[in-house]
Number of protein chains: 2
Amino acid sequence: MTQVDEAEVKPRLGRKRDHTRDPEILEVALDVLAETGYDGMTIDMVATRAKAGKATLYRRWPSKADLVLDAVACMKSKDIDLDALPDTGTLRGDLVAMVKPPSIRESERKLKVMAGIASMIARSPELAAAAQSALVEPRASVNRIFFRRAIERGEIPADADVERLCMIGPAMVAYSVLMLGKPVDREFLVSTIDKIILPAARLPTA
Amino acid sequence: MTQVDEAEVKPRLGRKRDHTRDPEILEVALDVLAETGYDGMTIDMVATRAKAGKATLYRRWPSKADLVLDAVACMKSKDIDLDALPDTGTLRGDLVAMVKPPSIRESERKLKVMAGIASMIARSPELAAAAQSALVEPRASVNRIFFRRAIERGEIPADADVERLCMIGPAMVAYSVLMLGKPVDREFLVSTIDKIILPAARLPTA
DNA sequence: CATATACGGAACTCGGCAGTTCCGGATATG
DNA sequence: CATATCCGGAACTGCCGAGTTCCGTATATG
């Protein structure tokens, strides 16, 4: 949903000279994108919902494709603060600590956006790159940190295939949501950690 | 869902009345779908490539959506013959035996089709159901058989979470291809089996 | 051979959306 | 208050693709 500060919804007071409203518009674009997909989304929808004029959007972005590209690229790291990662002392603790409702919701939104642009990714390297660095890389980075820590601790073998292990969580979530149409819940995520990720890391399920 | 026309009472003169070219057209539709996605695909493309008239397609399917739905539904089990599954005597053997170039190619085609319709799945339960039973269920069925056999053999614990285990392979492939844009090869698949699936099943890597 | 029938293909309508233009009004500044 | 600036919104253009119609032709059947 449009997560805009309710405080600013009131009649627009001062007109800003710069592009202050850009983030707001991009958020709306992502919402529409998640709901209708790229082709279903129209510039009018975005403009109307953002209470902006269509011309305003075109003053800022040369085309629909550019708007979407920008929106996807700006989705980066809204949900993850790399400096405030949990450090529980165990791999399982770290992984489970990431299973929080806000994180789950943000993940689902990302997946819906991904579904909305899926058909273009194969034909647009730019969009693919944006999606890669905004949607999949941040999550992988976090996991990489956890697994490296675990290796340093001696908790898992030093020759563990970190890249492969990093994929399991996101892959299972994406598959469940996009392919099976089944939204994930805390239980699914925790048992994925316990039944698959930790065994694959050769760690006994805690 | 290619339902045959009403039984004819009238004399059959002229050309064949059966829709003998349907499968051919549906195959072309799938190709175009995989290449361009649902919205990028036009009826003209399909007609031209199938050397058919656009009118012919509309004589057979009432709309583009129906054509695509039918095409996806008919994708069922082109690649897997449930009666000719390998039975190597070990779980690893069975799983690895499925890693064959034709199977990989068919998987990638299915994933491209999936990507092409991904944005509509959330809004079309019919299409979601078709994709489910034609694209994901067949593969899961095969895996289920392998894991059940392994349990019967006593190779893996009887309380193994078969449903979860079945997902790992497809999930990793889908994630790699759709999200990372990295086509999978035999090495990736085999090491996924050895490093993730078998450990998760509490089997030592063979 | 005669003919009913379906087919390929071309031409057409029609609606929707990307992108453009224009204008009245609100705003900030001096 | 004067004015330069930017915005929201509405009207407009042009294109493209879904769906329709029509016709010449191929073909199986009698």
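- Partner of Val72(A) under the side-chain contact (heavy atoms from CB on, under 4.5 Å) criterion, out of Leu67(A), Leu26(A), Val113(A): Val113(A) alone.
- Here Glu163(B) pairs with Arg144(B) in a salt bridge; the nearest charged N to carboxylate O distance falls below 4.0 Å.
- Here Asp31(A) does not pair with Arg49(A) in a salt bridge; the nearest charged N to carboxylate O distance is not below 4.0 Å.
- Taking every heavy atom of residues 120-128 of chain B and every atom of DNA chain D, no pair lies under 4.0 Å.
- If you take CD of Glu24(A) and P of dC7(D), they are 13 Å apart, rounded to a whole angstrom.
- Taking only side-chain nitrogens and oxygens, Thr56(A) comes nearer than 4.0 Å to OP1 or OP2 of dG8(D).
- Within 6.0 Å of NZ in Lys64(B) there are more than 12 heavy atoms belonging to other residues, nucleotides or ligands.
- Between Arg109(B) and Glu27(B) a salt bridge is recorded (basic side-chain N to carboxylate O distance below 4.0 Å).
- With sequence neighbours excluded, the residues forming a salt bridge (Lys or Arg N to Asp or Glu O under 4.0 Å) with Asp22(A) are Arg60(A), listed by chain and number.
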N/O contacts under 3.5 Å, protein versus nucleotides 16-21 of chain D?
unit_1, atom_1, unit_2, atom_2, d
dA18(D), OP1, Met41(B), O, 3.2
dA18(D), OP1, Lys64(B), NZ, 3.1
dA18(D), OP2, Ile43(B), N, 3.2
dG19(D), OP2, Tyr58(B), OH, 3.2
dG19(D), OP2, Lys64(B), N, 2.9
dG19(D), N7, Lys54(B), NZ, 3.1
dG19(D), O6, Lys54(B), NZ, 2.4

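- Using a 4.0 Å cut-off between charged side-chain N and carboxylate O, Lys112(A) and Glu35(A) make no salt bridge.
- One interatomic measurement links the two molecules: NZ of Lys51(B) to P of dG9(C), which rounds to 9 Å at whole-angstrom precision.
- Dashed line: the shortest gap from a side-chain N or O of Arg60(A) to OP1 or OP2 of dC7(D) is not under 4.0 Å.
- With respect to Arg21(A) and Glu24(A), a salt bridge is recorded, a charged nitrogen being found less than 4.0 Å from a carboxylate O.
- Arg21(B) has its CZ atom 9 Å from the P atom of dG9(C), to the nearest Å.
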